[in-house]
Amino acid sequence: MPTLKFLGAIQQVTGSCYLVETTQGKILLECGMYQGELRPEKSPERFFSFDPGTIDAVILSHAHLDHSGLLPKLAREGYRGPVFVTEPTRDLLGVMLKDAAFLQEKDVEWENRIRQRTGKEIIEPLYDMKDAENALGLLKGLGYNQRTQVIPGIELRFRDAGHIIGSAIVELWVDKHGTRTKIVFSGDLGNSFSPLLRDPETLETADILLMESTYGDRDHRNADETLAEFKQVLDTAIEGGGNTFIPAFAVGRTQDLLYHLGKFYRKGVLKQQKVFLDSPMATSVSEIYARHRDLYNNENPEFNKAILRGWENWLPILSYTRTTLESMALNNITSGAIIIAGSGMCTGGRIRHHFKHNLWRSKSHIVFTGFQARGTLGRNLVDGAKQVRFMGQEFAVKAKIHTLGGFSAHAGQSQLLDWAGQFQKKRPHLYLVHGELDKMLALQNKFHEEYNWHANIPASGETIQL
Ligand SMILES: [Zn+2]
């Protein structure tokens with residue numbers, strides 16, 4: 001009997017991983033990295049609960065590292081099979097997995113310096129650049145709506161999930177003794193209010209449905225209100241003589257922000273004179289976004305036209321700071337700038353350097369525009385910490401912290417319910433994944449109330465029969 005095993009992003013939002021096993025072979029759906037406090041890769045024991053050499057194929061829904069970031073580790077441990085992704089995802093991973101490998105190498109180098117001084121044994125990186133390159137060599141880019149055989153007896157089709165460029169809802173048909181079971185994995189479903197991308201495609205049939213539940217407990221704030229609030233924060237920052245710092249995911253959120261800032265600029269209401277994209281990765285990703293503009297929605301013809309000649313054409317006060325020196329020079333600007341830097345949850349990247357120089361200044365404004373996982377520096381700040389510790393030091397938090405919920409790249413509760421509600425003919429067996437338990441319970445309740453439909457909340461390691 002074919003089975004599906006829930007391995008990651010179970011009652012939490014990171015580390016996506018599911019294993020489908022049939023008599024014909026094993027496929028891994030997602031190979032995500034953990035972020036935040038629950039990071040098994042930080043612990044020495046092996047963290048794949050299967051032998052990577054026995055996997056026949058891998059499928060990734062999109063490029064975010066919590067869905068793709070352990071792929072180089074899988075390659076390091078012997079995986080040599082195909083990795084099915086959409087074409088934009090393949091382009092994005094080319095940037096992201098190399099960046100992730102670079103960070104792994106740097107982290108370990110730093111830690112080993114300390115270890116050597118204290119006489120401790122040195123450690124190996126989770127994976128290195130060679131592993132990332134090997135993993136990239138395995139990628140097979142597919143178009144949306146193209147049906148492909150993954151292994152004998154399993155077919156795959158990607159549908160547009162509208163979450164980031166190239167993001168997909170995964171449809172899988174699994175054969176068993178002449179009958180077929182259809183699995184639909186929502187991946188991360190986009191927020192229909194996000195400005196650039198299309199709405200998630202609606203599907204109508206499935207036997208088994210795995211659905212994300214990141215925002216299972218609430219709807220996002222209205223998009224117009226969020227934009228008004230964003231504008232208000234920017235005005236307050238400039239009136240108070242400070243800078244605005246926006247920790248942002250390089251993929252998706254950064255491009256949405258550049259879009260909104262460009263709109264403000266073009267309306268003549270943006271008072272700031274400079275916007276810095278202080279992230280080489282976000283810069284490369286933005287270029288990839290511009291390349292795949294055929295996947296944008298048709299609601300912003302002015303933007304779709306402007307982007308043909310690059311982001312600076314849309315937002316003329318935009319500068320890219322590629323080098324470390326250029327990034328450090330931003331410390332000399334004391335007011336009037338908007339600085340967008342990674343990482344989105346402040347677990348690494350240049351934003352931490354900006355925080356080191358600005359978190360303790362009362363004139364600084366920090367705008368969180370994305371989900372902050374438990375245990376991250378970003379979550380601590382959003383939760384109102386007055387003192388935080390990072391880069392080996394304590395910092396007082398005097399900066400004004402703002403959280404803007406409406407920018408989410410994820411569907412809110414009503415959008416999730418509506419999307420699942422399209423499966424009308426026969427309600428699939430529904431499993432909630434990719435969400436914290438309280439969010440899942442809230443969504444489970446809603447499914448009972450609205451549809452009299454039971455949403456299962458699988459436990460980590462649970463296996464179901466297909
Ligand atoms: Zn995502």
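Bear in mind the structure is a predicted one, so any value in this text is a computation, not a measurement. All values below come from the heavy atoms of this structure, side chains included, with hydrogens, waters and symmetry mates left out. Each ligand, and each atom within it, is numbered from 1 in the order the structure gives.
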* Would you kindly check if the NZ (Lys) or CZ (Arg) of R147 is within the cone defined by 45 degrees around the ring axis of W173 and under 6.0 Å from the six-membered ring centre? => yes
* Asked: Centres of the H410 and H434 rings: under 6.0 Å?
  -> yes
* To do: Check side-chain contact (heavy atoms from CB on, under 4.5 Å) between E105 and all other residues, then give those that pass, not counting sequence neighbours.
  => D128, M129
* To do: May I ask you to decide if F423's main-chain N or O and R427's side chain share a donor-acceptor pair within less than 3.5 Å?
  => yes
* How many N, O or S atoms of the protein are nearer than 2.8 Å to the Zn ion (ligand 1)? -> 4
* For F193, what residues pass the ring pair (Phe, Tyr, Trp, His ring centres under 6.0 Å) criterion, not counting sequence neighbours? -> none
Side chains of residues 439-447: which donor-acceptor pairs under 3.5 Å do they make with residues two or more places apart or in other chains?
| from | atom 1 | to | atom 2 | distance (Å) |
| --- | --- | --- | --- | --- |
| K439 | NZ | E436 | OE1 | 3.4 |
| Q444 | NE2 | A455 | O | 2.8 |

